[in-house]
Structure formats: C-alpha cells, structure tokens
Amino acid sequence: DIPSHLDDLPPTMLKKDYANLPIMNSIDDVVKRLLSLEMASQKEKMKVKTQQLVEKVRRSPNDNGSFEVQVAILTARIRMLEEHLQRHPKDKKNRRFMLMDLDRRRKMLGYLRRVNYGTFENTCKQLDIQYSPPQPYTRRITKRWLVKKALCIKVFQEKQKLKAAERLKQRRGWQARARAAREQQE
C-alpha cells in the first residue's frame, strides 16, 4: 500500500475557522473531534494539505502564482486522486484527471528545470517528487509500417535509377555537342 498523504495531518488539528476561538479550550472532546480535520470533508482536508505544501515552496507570503506554488497545488491534487483511486480502482474519469495533472506537472517541472535548476531541485526535494524527463518519441514498429517503408524505399530507388538514366542521356548529349563544337573550331 502507498502511504496516505492526508494521514500525516494531525487528527486533533482543528479546522481553520475554529482553531483560534478562545472557547475551544472549554469544549467537550466529542465536539472537538467533530470540529477536527478527522471529521472534515475531503474538500477541507484537500485545502489544508494544499496549504501545507504551498507553504513549503512559497517564495514570499504573497506568492500565489509562481511555478513552484502551481507545482505544489498540482502535487496535492495528484496525491488526493491517488488515494481516491486506491479505494476506487475502476474510476476511469478521475484516473484521466490524475494523468492530465501529472502531465501538466511534468511540463511545469521541465520548464523550471530548464530555467532555474536550483529552484527546481529545491521544489522537488520539498514536495518529495521524483522527476524523470520524458522519454524520446519512438515509433511502434508494425508489419504494415515495415511493408510501407520497404515500398517507399523501392519506389525511391526506382526513381533514382530513372533519374540516373535521364542524367546519363543528358550528359551524353552535352558531350556530343561539346565534341561537335570542338570539331567546328578546328
């Protein structure tokens, strides 16, 4: 089993709205548990996890759109979808969304790697991401493709033979004219 990334949230951690209220110290444990992240909706857990990852890579307190922050947001979403797909392996729609997010994150990391390698390394380390560059494109070789390629090569070779014969004929014509011109000069 892949470890759940939302499980590393402290279960007794209160939701953001209730954490700073002074009355929380005198409330019963059952009520605290109801107001904790343990009982929170998936959306609220996602917000907290995203916020935690964004805080790790944020350049400044006002940084909400840099590539590092966008990668952190995508990482949180990907991890949430991974957990969901472990519970619901036949959910094709969310698998597609996860693959799309993975692709977007790979592109962003590739750009970050080209532009600022230090930031790229720091982001990968902070978010615990292992980046692997995309594989170069290779064509799948099929019988049909091999036959088509062989035909194209054969056609090309025949065309070259015809051109060679045409060039030889042309060259002989030039040589004959050059000989005739030399004979007239003599």
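What you are looking at is a predicted structure, and each value in this text was computed from that prediction instead of being measured.
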Test of understanding: with salt bridge (Lys or Arg N to Asp or Glu O under 4.0 Å), list the residues that count as partners of [X], not counting sequence neighbours.
X	value
D103	R106, K107
R105	none
R95	none

## Note on the structure
Residues joined to V155 in its hydrophobic cluster, side chain to side chain under 4.5 Å directly or through other members, sorted by chain and number, are L151
### Message
Enumerate the side chain to side chain donor-acceptor pair (under 3.5 Å) contacts for residues 146-156, please, sequence neighbours excluded, ordered by first and then second residue.
### Response
none
### Task
Write out all pairs satisfying salt bridge (Lys or Arg N to Asp or Glu O under 4.0 Å) with one or both partners inside residues 159-183, taking only residues at least two apart or from two chains.
E158-K161
### Message
I need the minimum non-hydrogen distance between T119 and N116, along with the two atoms involved.
### Response
OG1-ND2, 2.8 Å
### Task
Please report the closest heavy-atom contact between A76 and M46, naming both atoms and the distance.
C-CE, 3.5 Å
Once you round to the nearest 0.5 Å, how far does [atom1] of [X] lie from [atom2] of [Y]?
X	Y	atom1	atom2	answer
N122	K56	CG	NZ	11.5 Å
T75	K49	OG1	NZ	10.5 Å
L109	S132	CG	OG	10.0 Å
D101	M108	CG	CE	10.0 Å
R104	L99	CZ	CG	13.5 Å

### Query
Going through the checks in order, is the side chain to side chain contact (heavy atoms under 4.5 Å, CB included) test met by R79 and D128?
CA-CA 11 Å; R79 288 178 180 167; D128 196 25; 3.9 Å; yes
### Task
List for me each residue that meets side-chain contact (heavy atoms from CB on, under 4.5 Å) alongside D91, sequence neighbours excluded, and say none if there are none.
H84, L85, H88, K93, N94
### Query
Of all residues at least two apart in sequence or in a different chain, which pass the side-chain contact (heavy atoms from CB on, under 4.5 Å) check with A72?
L53, V54, V57, L127
Count I, L, V, M, F, W, Y as connected when their side-chain heavy atoms are under 4.5 Å apart, and connections chain through other members. Are [X] and [Y] then in the same cluster?
X	Y	result
Y111	L74	yes
L81	L102	yes
I78	F97	yes
L162	L168	no
V147	I141	no

### Query
Going by the ring pair (Phe, Tyr, Trp, His ring centres under 6.0 Å) test, which pairs reach into residues 139-186, not counting sequence neighbours?
none
#### Entry: Trace of the side chain to side chain donor-acceptor pair (under 3.5 Å) decision for Q51 with E55
CA-CA 6 Å; Q51 194 60 36; E55 287 300 321; 3.1 Å; yes
### Query
Do T142 and R140 have side chains that get closer than 4.5 Å, going by heavy atoms?
yes
If you look only at distance, which donor and acceptor atoms sit under 3.5 Å apart when one is on a side chain in residues 63-71 and the other is two or more places apart or in another chain?
unit_1 : atom_1 : unit_2 : atom_2 : d
D63    : OD1    : S66    : N      : 3.3
D63    : OD1    : S66    : OG     : 3.2
D63    : OD2    : R59    : N      : 3.1
D63    : OD2    : S66    : OG     : 2.8
N64    : OD1    : R58    : NH2    : 2.9
E68    : OE1    : R59    : NE     : 2.7
E68    : OE1    : R59    : NH2    : 3.4
E68    : OE2    : R59    : NH2    : 3.0
Q70    : NE2    : G65    : O      : 2.6

### Query
Who are the ring pair (Phe, Tyr, Trp, His ring centres under 6.0 Å) partners of Y131, not counting sequence neighbours?
F120
